[in-house]
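Notes for the one structure printed next.
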Amino acid sequence: MTPTTRARQYWLVKSEPDSFSFDDLLASPNRTTCWDGVRNFQARNFMRDGMRLGDLVFFYHSSTDPAAIVGIAEVARESYPDHTAFDRKDSHYDPKSKPDAPTWMMVDLRAREALRTPLTLADLRGVKGLEKMVLLQKGSRLSVQPVTAKEWEIVCRLAGL
DNA sequence: GCCAACGTTGGC
DNA sequence: GCCAACGTTGGC
């Protein structure tokens, strides 16, 4: 039996540009990086159970002025153990995560393109059809979050894509 | 720098 | 299983 092809899904990941920016991703070998350091169960579950090869991802800069969606990436490798959790010297070290039973997972992300003009939070707020976007919910802190196909389309149109 | 909102931890 | 305390996130 042929495996059913699943419709492409859409995501958004947050990063503080001071620690890792979209430019850093563009400058990475093969424009690809492993998305390590996620230490939140819900975010992990989205990476582990949701993200599939070829899914598209908005790259969002948080804790910066202005916070904004700045680029588009794609899932280049599906989830595998986040080895930084095993590294005592790493700031994301988690002694509860063991190589034979890893708690934390990561994916690889590859940059596709930067937005010519970043879309700030202010740009996105109030846009029809984005009312329920996870990013725009009050108190939303999820660093890996799903985006619906409709939201994806609306944001891309705003970005002139 | 402030602080609201949230997730996690741990005592009970 | 509850919930207070704590640490972190992230917009402003």
Side-chain angles (χ1 to χ4, degrees), chain A residues 9-28 33-51 55-75 78-109 111-148 150-152 154-160:
Chain A
Q9 287 183 188
Y10 302 94
W11 309 94
L12 179 146
V13 299
K14 297 180 182 176
S15 186
E16 299 192 15
D18 285 346
S19 53
F20 193 84
S21 68
F22 193 72
D23 280 342
D24 291 331
L25 182 58
L26 286 169
S28 298
T33 192
C34 58
W35 205 248
D36 60 5
V38 172
R39 296 293 180 269
N40 169 283
F41 288 101
Q42 210 180 345
R44 178 207 64 186
N45 293 348
F46 282 130
M47 288 197 297
R48 185 190 61 190
D49 308 330
M51 283 188 170
D55 280 359
L56 295 180
V57 182
F58 284 134
F59 196 105
Y60 175 82
H61 281 172
S62 64
S63 295
T64 187
D65 195 17
I69 296 174
V70 296
I72 292 175
E74 67 189 301
V75 176
E78 296 183 4
S79 82
Y80 59 108
D82 180 345
H83 56 79
T84 65
F86 312 138
D87 181 356
R88 203 171 281 280
K89 290 186 295 276
D90 194 280
S91 60
H92 297 290
Y93 174 59
D94 180 358
K96 292 194 294 299
S97 185
K98 308 287 184 193
D100 55 351
T103 306
W104 304 113
M105 309 292 283
M106 59 189 182
V107 297
D108 284 357
L109 297 180
R112 285 178 73 126
E113 59 181 324
L115 301 193
R116 276 195 309 265
T117 312
L119 288 170
T120 68
L121 273 187
D123 293 334
L124 299 171
R125 290 199 195 282
V127 174
K128 195 168 181 304
L130 298 185
E131 296 86 358
K132 296 196 172 153
M133 195 170 178
V134 177
L135 181 71
L136 303 181
Q137 302 311 301
K138 184 179 169 145
S140 172
R141 310 189 322 189
L142 252 191
S143 64
V144 177
Q145 51 180 261
V147 173
T148 69
K150 229 170 213 139
E151 289 163 350
W152 183 272
I154 291 169
V155 172
C156 284
R157 188 170 310 136
L158 285 175

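Heavy-atom basis, side chains included; hydrogens, waters and symmetry copies ignored. In this text the structure is predicted, and so the values were computed from the model without any measurement. First the proteins, then the strands, lettered A, B, ... as listed; each starts at 1.
Between dT8(B) and Lys96(A), no contact under 4.0 Å exists linking OP1 or OP2 to a side-chain N or O. Applying the 4.0 Å criterion to OP1 and OP2 of dG11(C), one finds that Tyr60(A) has a side-chain N or O inside that range.
Summarising the geometry, atom CG belonging to Leu25(A) is positioned 7.0 Å from atom CG belonging to Leu109(A); distances are rounded to the nearest 0.5 Å.
Between the side chain of Gln145(A) and the main chain of Leu135(A), a donor-acceptor pair closer than 3.5 Å is present. At distances below 3.5 Å, not a single donor-acceptor pair connects side-chain atoms of Ser63(A) with backbone N or O atoms of Glu16(A).
Taking atom CG of residue Leu135(A) and atom C1' of nucleotide dG11(C), one finds them 11 Å apart after rounding to whole Å. When the C1' atom of dT9(C) is taken as reference, atom NZ of Lys138(A) falls 15 Å away, rounded to whole Å. Here dC6(B) presents its C1' atom at 19 Å from CZ of Arg39(A), a figure rounded to the nearest Å. The interatomic distance linking Gln137(A) (CD) with dA4(B) (C1') rounds to 16 Å, in whole Å. Atom-to-atom, CG of Leu12(A) to P of dG10(C) comes out at 11 Å; the value is rounded to the nearest Å. A straight line from CH2 of Trp104(A) to C1' of dT8(B) spans 10 Å, rounded to a whole angstrom. One interatomic measurement links the two molecules: CG of Leu142(A) to P of dT9(C), which rounds to 13 Å at whole-angstrom precision. For the pair Gln145(A) CD and dG7(B) P, the interatomic distance rounds to 13 Å; values are reported in whole Å.
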Under the ring-ring contact (aromatic ring centres under 6.0 Å, His included) criterion, do Trp11(A) and Phe59(A) qualify, and how do the steps go? CA-CA 9 Å; Trp11(A) 309 94; Phe59(A) 196 105; over 10 Å; no
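Comparing dT8(B), dG11(C), dG7(C) by their closest approach to the side chain of Asn40(A) singles out dT8(B). Set against dG10(C), dG11(C), dT9(B), the side chain of Lys14(A) has dG10(C) as its closest nucleotide.
Across all strands shown, Asp65(A) has no heavy atoms under 4.0 Å from either base or sugar-phosphate atoms.
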